Amino acid sequence: ITIAKKIGDNTVISNAMITMATIYAFQGDHKKAVEYNESAMKIAQQVGAVRYIRDAAQGLYTSYKKLHQDDRALKMHELFISMRDSIMSEDNKDEIIRQEYKYEKQAAADSVMQAKENEVTFAQLRQEKTQRFALYGGLFLVLVFAGFIFNRYKVTYKQKEIISLKEQETQKQKTLLEIKNKEITDSITYAKRIQAAILPPAKIVKEYLKESFILYKPRDIVAGDFYWMEQIQDGLIFAAADCTGHGVPGALVSVVCNNALNRSVREYGLTDPASILDKTRELIISEFEKSDDEMKDGMDISLCTLVYETTEEQDKLQEGNWSKIRLRWAGANNPLWILRDNEIIEFKGDKQPIGVYLDPKPFTTHNIELQQNDLIYIFTDGYQDQFGGADQNESGKKIKTSRMKELFLRIAHKSMDEQRIEIDKMFEDWKGEREQVDDVCVIGVRI
């Protein structure tokens with residue numbers, strides 16, 4: 001039936017429907033049989049297919065009878081007899097053959113035309129199918145690409161969120177660090193004020209040592225180096241000290257060492273340099289022994305005592321006249337330089353620190369007769385250990401004591417204030433863009 005409908009062959013459709021009706025009647029489904037026979041008869045009557053009208057009428061007669069529709073059964077029986085007689089009539093036989101031939105010829109022509117139309121239709125269908133596949137494929141690719149883009153967008157958006165959160169956290173940490181850094185810097189700056197309070201004021205230094213200078217350059221805000229001065233009954237004591245470390249740790253040690261020097265002179269009444277260093281070492285070790293941890297901190301020092309013998313000489317001291325004044329000196333690792341007649345006389349300190357030492361020995365006092373215009377220099381090792389270089393050949397090297405001696409000899413004729421400027425300038429020029437490696441303390445006194 002489906003194929004006959006596609007090619008437009010109504011006789012085949014009518015014949016197939018009669019066959020379907022016969023099957024349903026055989027199965028006892030006469031309602032279905034009536035439905036198919038009525039359709040077959042309608043098509044047969046349209047094309048004038050007498051035999052199919054006869055067969056459909058015979059089937060309807062049987063089914064109506066089974067359904068107890070006697071009127072319709074009788075009507076179909078009469079139609080069946082009429083069609084049968086018509087078929088059997090010779091007059092009608094030729095007509096029937098002619099009509100059927102005409103119909104079949106027309107049907108064949110229609111079939112050829114329909115086949116061509118079907119071919120066109122099938123070609124259109126194939127084209128439409130191909131277009132649909134291309135469209136669906138294109139849509140699929142667009143969806144895949146859109147999915148990829150959306151996925152990348154999600155990943156990028158998530159990464160941006162993570163980066164944004166990290167930036168916020170970094171900014172927060174940066175702000176906290178800035179606050180903490182400011183608090184620490186403020187604390188250290190205040191500690192500098194405290195440390196400065198234990199150093200002799202410039203006014204006092206100039207009062208007793210009019211022809212003198214002090215070059216004091218902490219590496220950080222606070223320092224482990226310090227200078228110290230104490231007036232005694234028959235003279236003046238001053239020193240340049242270098243405590244273990246620099247920055248805050250060095251500054252803390254310097255407070256302990258400064259206090260020990262003060263106690264040695266003020267509490268124990270010592271004026272001899274070696275005795276002062278011995279007692280200072282004892283006090284420092286005693287102080288650090290209170291800790292649960294083993295403390296080996298201490299200091300290197302160069303300590304001078306200028307001594308006068310009479311009241312008249314004491315008056316000369318106040319006037320800045322240091323002629324016929326004796327010098328007592330002791331050192332722990334650090335030296336004393338006396339510049340006289342364009343020559344530097346060097347006194348080396350004992351090779352032991354003020355602090356815990358494996359084989360400690362009493363310090364040695366050196367008694368030195370001074371002459372007018374003698375220049376006294378004491379210093380820590382920060383100056384000579386500075387890395388730098390005045391030119392390419394010296395780049396990365398230390399200043400060393402040899403260059404210090406050359407400088408001191410070259411500027412000996414200048415005033416003490418001018419010497420300080422020259423010594424500082426050489427240090428800065430040598431250092432250049434490099435960092436300062438240690439605290440610096442240089443003291444010069446002209447007799």
Side-chain angles (χ1 to χ4, degrees), residues 192 195-196 198-200 202 205 209 212-230 237-258 260-261 273 276-277 280-281 284 296-305 329-339 344 346-355 357 363 366 375-388 398-405 407-408 416 419-420 422-424 426-428 430-431 434-445:
K192 179 183 179 181
Q195 187 178 40
I198 69 175
L199 298 175
V205 173
L209 299 172
S212 67
F213 73 81
I214 298 176
L215 177 64
Y216 184 61
K217 298 174 72 70
R219 197 198 81 161
D220 303 307
I221 298 174
V222 290
D225 283 13
F226 68 95
Y227 53 94
W228 178 82
M229 189 175 74
E230 185 74 15
I237 308 173
F238 62 94
D242 180 3
C243 296
T244 306
H246 43 72
V248 174
L252 292 174
V253 177
S254 74
V255 172
V256 175
C257 294
N258 185 283
L261 286 170
I276 294 173
L277 297 188
T280 299
R281 176 170 59 187
I284 290 173
K296 295 183 179 181
D297 297 297
M299 67 175 170
D300 296 335
I301 192 171
S302 182
L303 186 144
C304 299
T305 300
W329 174 82
N333 289 322
N334 287 352
L336 161 71
W337 289 358
I338 295 180
L339 197 157
I344 292 179
E346 181 174 2
F347 297 86
K348 295 184 177 180
D350 294 302
K351 294 296 181 181
Q352 59 181 353
I354 306 294
Y357 189 64
F363 286 95
H366 298 262
L375 288 167
I376 299 172
Y377 296 105
I378 56 176
F379 47 87
T380 60
D381 60 3
Y383 193 99
Q384 65 202 45
D385 288 344
Q386 178 60 47
F387 289 99
K398 293 182 179 181
I399 293 178
K400 295 184 178 180
T401 55
S402 58
R403 290 188 181 86
M404 290 180 67
K405 288 179 179 179
L407 174 64
F408 290 178
M416 301 311 288
Q419 286 190 30
R420 181 189 180 282
E422 290 290 334
I423 294 171
D424 186 30
M426 177 182 172
F427 181 84
E428 291 298 327
W430 187 270
K431 178 170 73 69
R434 289 180 171 83
E435 292 185 358
Q436 184 174 329
V437 298
D438 200 358
D439 302 320
V440 171
C441 183
V442 181
I443 300 175
V445 178

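Remember, it's a predicted structure, so these values are computed and weren't measured experimentally. If you read the sequence from its start, that first residue is 1, and numbering goes on from there.
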From [X] [atom1] over to [Y] [atom2], what is the distance, rounded to the nearest 0.5 angstrom?
X: Cys304; Y: Ile338; atom1: SG; atom2: CD1; answer: 8.0 Å
X: Phe213; Y: Gln419; atom1: CZ; atom2: CD; answer: 5.5 Å
X: Thr244; Y: Ile354; atom1: OG1; atom2: CD1; answer: 11.0 Å
X: Ile276; Y: Leu303; atom1: CD1; atom2: CG; answer: 5.0 Å
X: Ile344; Y: Leu375; atom1: CD1; atom2: CG; answer: 9.5 Å
X: Asp300; Y: Lys351; atom1: CG; atom2: NZ; answer: 9.5 Å

[X] to [Y] - nearest heavy-atom pair and separation:
X: Leu277; Y: Ala330; value: CD1-CB, 3.8 Å
X: Lys348; Y: Trp329; value: C-CH2, 3.6 Å
X: Met299; Y: Ala241; value: SD-CB, 3.9 Å
X: Asp438; Y: Gly382; value: CB-CA, 4.0 Å
X: Ala240; Y: Cys441; value: CB-SG, 4.1 Å

Ignoring hydrogens and angles, tell me if any N or O in the side chain of [X] forms a donor-acceptor pair with the backbone of [Y] under 3.5 Å.
X: Gln195; Y: Ala223; result: yes
X: Tyr383; Y: Ile423; result: yes
X: Arg403; Y: Lys398; result: yes
X: Asp439; Y: Gly224; result: yes
X: Thr380; Y: Val440; result: no
X: Ser254; Y: Asp225; result: no

| task | Hey, can you tell me if Phe379 and Phe408 have their rings parallel, tilted or perpendicular (30° and 60° cut-offs)? | result |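 If you compare the ring of Phe379 with that of Phe408, the planes turn out perpendicular.
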
| request: Assign the ring pair Tyr227 / Tyr216 to parallel, tilted or perpendicular, where the plane angle (0 to 90°) is split at 30° and 60°. | output: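 Rings of Tyr227 and Tyr216: perpendicular, as their planes differ by over 60°.
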
| request: Starting from the C-alpha separation in whole Å, work towards a yes-or-no answer on side chain to side chain contact (heavy atoms under 4.5 Å, CB included) for Met416 and Leu209. | output: CA-CA 11 Å; Met416 301 311 288; Leu209 299 172; over 6 Å; no

Would you say the side chain of [Y] lies within less than 4.5 Å of the side chain of [X], judging by non-hydrogen atoms?
X: Phe363; Y: Arg281; result: yes
X: Ile198; Y: Trp228; result: no
X: Met426; Y: Ile399; result: yes
X: Phe226; Y: Cys257; result: yes
X: Thr401; Y: Trp337; result: yes
X: Ile378; Y: Asn334; result: no
X: Gln386; Y: Val437; result: yes
X: Glu230; Y: Leu261; result: no

| query | Is there a side chain to side chain contact (heavy atoms under 4.5 Å, CB included) between Val205 and Met229 once you walk through the steps? | reply | CA-CA 8 Å; Val205 173; Met229 189 175 74; 4.1 Å; yes

| request: Count the heavy atoms of every other residue, nucleotide or ligand shown that sit under 6.0 Å from NZ of Lys192, and state whether that count exceeds 12. | output: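 Not more than 12 within 6.0 Å, no.
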
| task | Apply the test side chain to side chain contact (heavy atoms under 4.5 Å, CB included) to residues Asn333 and Gln352: give CA-CA distance (whole Å), side-chain angles for both, the deciding distance (0.1 Å), then the verdict. | result | CA-CA 6 Å; Asn333 289 322; Gln352 59 181 353; 5.5 Å; no

| request: Step by step, work out the side chain to side chain contact (heavy atoms under 4.5 Å, CB included) result for Val445 and Phe238. | output: CA-CA 11 Å; Val445 178; Phe238 62 94; 4.0 Å; yes

| Of all residues at least two apart in sequence or in a different chain, which pass the side-chain hydrogen bond (donor to acceptor under 3.5 Å, both in side chains) check with Lys217? |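 Expected list: Asp424, Glu428.
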
